Amino acid sequence: MTKYKILTTNNVHVGDKLPELSIPVSATTIVLGAMASRDWRPMHHDKDFANNQGVSNIFLNTPTQALWFERYVTDWAGPYARLGSMQFQMKKSVIPGDTMLFRGTVDKIETDSTGCGWVELTVDLSVAGDTATSCAIRVALPTQEGDNPWTRKDGQWIPRV
Amino acid sequence: MKREKGEEMAEIELPELPGHVQDMIGKTLEESFSQFPVEQSYVWTSCSSAEYGNPLYWEEDAANEITNGPTAPPTMISVWLRPHHWIPGQTEQHLPLRVHFTLKKELDLPEAIITKNGVVFGEPVRLGDRLMNKQTLRSISEPKTNKLGTGRYWVIDVDFYNQRGEWIGSEWYNCFGYRRK
């Protein structure tokens, strides 16, 4: 019996909503993310540079957004959840002073030919009611207690649709 | 490549795609190697930046039970191939995703944005791994004009491997290089 959270596919249903997550964004949020992801480009830490590029402020870089999406999904699904794929569409920059709102919906649940359980989600990152980034995520969940997607290798791991 | 919303055929005429750029399509143009092994401190710094408390990355017991030892968050895949800002003897900044910057230069398109990005995850990345990637140019579009300006879309595939040759993931980037209106 594990002490860690396990969400199994049979406890998930199409149309389920993930709990919302609201995060205020400061310049520190953006610079921390840029430096942690080793992104030294000045548009992520130098407001004057961003202004000269026609952008109103420094903005959250893509790898940091990816990490926020990962965090959002595994907050819900627990550490046994293993990401298969993510696809982003960036529509609007996230800048200091914004509040990010993450909302997710379960679109599909399936078991593949190897017995791996998959959940497909759409996660919307919005600011003031407008989508900043939409993300389609495919994540493997245990099909039952005792199953662990992280143990899958080679032909037993099929993350692509 | 299909036309995107808000996209028009080019208003400003761009030169034909040069032959040597056409020849780059479908080829692996760059191989990059990490400058340091995957390390715990970057994992913690990254998790801290997103207030990410998954016990896999903070508790040794969780990592041992679930992933057979410590790993890095999958979405950090590109972090390990990003070059240092400076190293001794370096006279110009090394750039990640170099194919992208090569195309900007070769096509004389000074501005560029990434419009879509996808990633697929393979073997978990483990502390101590040394990673490499291969960058392949998948396609370049005809000239297009949108609200940003006139330019071309291109798609770059990046495949990542560890020191054992195991596939750890692939990214693709849909980019738009352009001249401002």
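Every chain is numbered from 1, with letters handed out A, B, ... down the list of sequences. The structure displayed is predicted, hence computed values, not measured ones.
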Checklist outcome for this item: Bottom line for A:Thr2: the part with an atom under 4.5 Å from chain B's heavy atoms is both
Checklist entry - Of the backbone (N, CA, C, O) and the side chain (C-beta and beyond), which part of B:Thr71 lies under 4.5 Å from a heavy atom of chain A, both, or neither? => result neither
Next on the checklist: Between B:Trp167 and chain A, with a heavy-atom cut-off of 4.5 Å, which part of the residue counts as in contact: side chain, backbone, both or neither?
Outcome noted: side chain
Checklist outcome for this item: Counting heavy-atom pairs under 4.5 Å with chain B, the top scorer among A:Ala136, A:Gly84, A:Pro149, A:Cys135 is A:Gly84
Item to check | Choice from B:Glu111, B:Glu171, B:Glu123 maximising heavy atom contacts with chain A below 4.5 Å | outcome: B:Glu123
Checklist entry - Got a second to check how far A:Tyr4's OH is from B:Asp61's CG, nearest 0.5 Å? => result 5.0 Å
Checklist entry - Side chain, backbone, both or neither: which part of B:Ser46 has a non-hydrogen atom closer than 4.5 Å to chain A? => result both
Checklist entry - When you check the gap from the basic side-chain N to the acidic O, do A:Lys153 and B:Glu166 get nearer than 4.0 Å? => result yes
Checklist entry - Which pair of non-hydrogen atoms, one from A:Trp150 and one from B:Pro74, has the smallest distance, and what is that distance? => result CH2-CG, 4.2 Å
Item to check | Interface moiety of A:Arg82 toward chain B, non-hydrogen atoms closer than 4.5 Å | outcome: side chain
Checklist entry - Measuring heavy-atom distances to chain B, does A:Ser37 have an atom under 4.5 Å in its side chain, in its backbone, in both, or in neither? => result both
Item to check | A:Ala36 versus B:Val79, closest heavy-atom pair with distance | outcome: O-CG1, 3.8 Å
Checklist entry - Can B:His84 and A:Arg38 be counted as having a side-chain donor-acceptor contact under 3.5 angstrom? => result yes
Next on the checklist: Once rounded to the nearest 0.5 Å, what's the spacing between atom CD of A:Gln89 and atom CG of B:Asn174?
Outcome noted: 9.0 Å
Checklist entry - Taking every heavy-atom pair that is under 4.5 Å apart, which of A:Asp39, A:Ile23, A:Val31, A:Thr133 has the most such pairs with chain B? => result A:Asp39
Item to check | When A:Gln87, A:Met86, A:Met90 are compared by non-hydrogen pairs under 4.5 Å with chain B, the top option | outcome: A:Met86
